Protein chains: 2
Amino acid sequence: MSGYELAKLFDGELRNVWTAKHSQIYPELARLLDDGLIRQSASGPRRRRTYSITAAGKAALRAWLIESEPDRSYRHEAMLRVLFLWLLEPGQAEAYLRQEEEFHRAQLAVLKEVQRIRPSGPAQRAQHLAREWGLRLEKALADWSAWARKRIADGYLDSPD
Amino acid sequence: MSGYELAKLFDGELRNVWTAKHSQIYPELARLLDDGLIRQSASGPRRRRTYSITAAGKAALRAWLIESEPDRSYRHEAMLRVLFLWLLEPGQAEAYLRQEEEFHRAQLAVLKEVQRIRPSGPAQRAQHLAREWGLRLEKALADWSAWARKRIADGYLDSPD
DNA sequence: AGATGCATGTAAATAGTTACATGATTCA
DNA sequence: TGAATCATGTAACTATTTACATGCATCT
């Protein structure tokens, strides 16, 4: 893949797995190339260069997977905002959650389309499994947004205690 | 809340919303205090200091909520790893997913316990809504892990194409 | 010919982690 | 009295974003 394609991928269907901007991707590709973990596999118009993983790169990934514990902490700005929804008028809070639901329903539709394509090769199949997670995540987020909005509409946040 | 309590909260029930280490929290509290967005509300043994939000702090939060678009990108290292599971032996991949399921079932149980406590006051109620999301997220993650593991056990990743 | 999208790169600033550092209180 | 936990702080490093910068290719 090229740096440009990676940037698109991170901004698209990998948005709920990992992200990176092109300004981080290009220097990182240069570093990986320098370390022999990837190799340039093709070049195209407009200085386009695609890279593929080397045996050393695969070994490094394997070592990472086996030797380290996953970091299971999340950062979800949209949910962080929910903690402060009590500072807004209920109507504003409802509008926020309505937008969230809309966004996630739209994402869900996009992922469903992509998911129809049959993956070929092990890497594509692993991506298919991760995309299935994306699908479930978007649905859960849309459903939660609708649920929370209804609770707020019922006066959940403004009732005194 | 004190810096120490915030660190615990981020590491505990806010783990799937936002995180920060104490080394980030303390300088940030100093900055917020300096900017008049929080005020010191109490002090205890061992230099313990708790802070509460000021009117200016609330206004700043409101402005953030209303004037900026939420960043809906995620970073989920545990799911990033899934993209590279094809590099492992199927047995190793299954072990990874089994651990993930276990972790999320345990988290689910913890959150369910916390969620039984009735929230008092609007901020607590907003946190309750976010925790309900945490609950749904942990369940979805556990279910997905079990599903993906079964697919891999059925040879999904190693079948040629 | 002009707009749009492809394609890459770098510098400066901000955000966040890891490691180093210290000391008080509580409990066994 | 020794260990664990509470509690805060800082320095160095790494990661990430924002802004600046350039130019080619394709389509209308």
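Residue numbers start from 1 in every chain, and the chains themselves are labelled A, B, ... in the order their sequence lines are given, proteins ahead of strands. This structure is a prediction, so every number in the text was calculated from the model and none was measured. Atoms considered below: every heavy atom in the structure, side chains included; atoms not considered: hydrogens, waters and symmetry mates.
Formation of a donor-acceptor pair under 3.5 Å by the A/Glu5 side chain with backbone atoms of A/Ser2 is found in this model.
Atom CD1 of A/Ile25 and atom P of D/dT18 are 14 Å apart (whole Å). To the nearest angstrom, P of C/dC20 lies 15 Å from NZ of B/Lys21. As rounded to whole Å, 17 Å separates atom P of D/dA11 from atom OH of B/Tyr26. Taking atom OH of B/Tyr4 as the reference point, atom C1' of C/dT25 lies 12 Å away to the nearest angstrom. With rounding to whole Å, A/Leu32 atom CG is found 14 Å from D/dA15 atom C1'.
Relative to the side chain of A/Arg47, the nucleotides D/dA15, C/dT8, D/dG23 differ in distance, and C/dT8 lies closest. Considering only side-chain atoms of A/His22, the nucleotide from D/dT26, C/dT17, C/dT10 that sits closest is C/dT10. With C/dG16, D/dT17, D/dT8 as the candidates, the nucleotide lying closest to the side chain of B/Arg75 is D/dT17.
Along DNA chain C, the nucleotide nearest to A/Arg46 and the one nearest to A/Gln24 differ in position, and the one closer to the 5' end is contacted by A/Arg46. If A/Pro45 and A/Ala20 are placed on DNA chain D by their nearest nucleotide, the residue sitting closer to the 5' end is A/Ala20. Annotation: of the two residues near DNA chain D, A/Thr19 and B/Lys8, the 5′-most nearest-nucleotide partner is B/Lys8.
B/Leu108 and B/Trp144 end up in different hydrophobic clusters when Ile, Leu, Val, Met, Phe, Trp and Tyr side chains are linked at under 4.5 Å.
Taking a cutoff of 4.0 Å between a charged side-chain nitrogen and a carboxylate oxygen, A/Lys139 and A/Asp143 qualify as a salt bridge.
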Start with the C-alpha gap between A/Leu14 and B/Leu83, add the side-chain angles, then the distance that decides, and say whether side chain to side chain contact (heavy atoms under 4.5 Å, CB included) holds.
-> CA-CA 10 Å; A/Leu14 250 49; B/Leu83 297 176; 4.0 Å; yes
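You won't find any donor-acceptor pair under 3.5 Å spanning the side chain of A/Ser23 and the base of D/dT16, going by distance alone.
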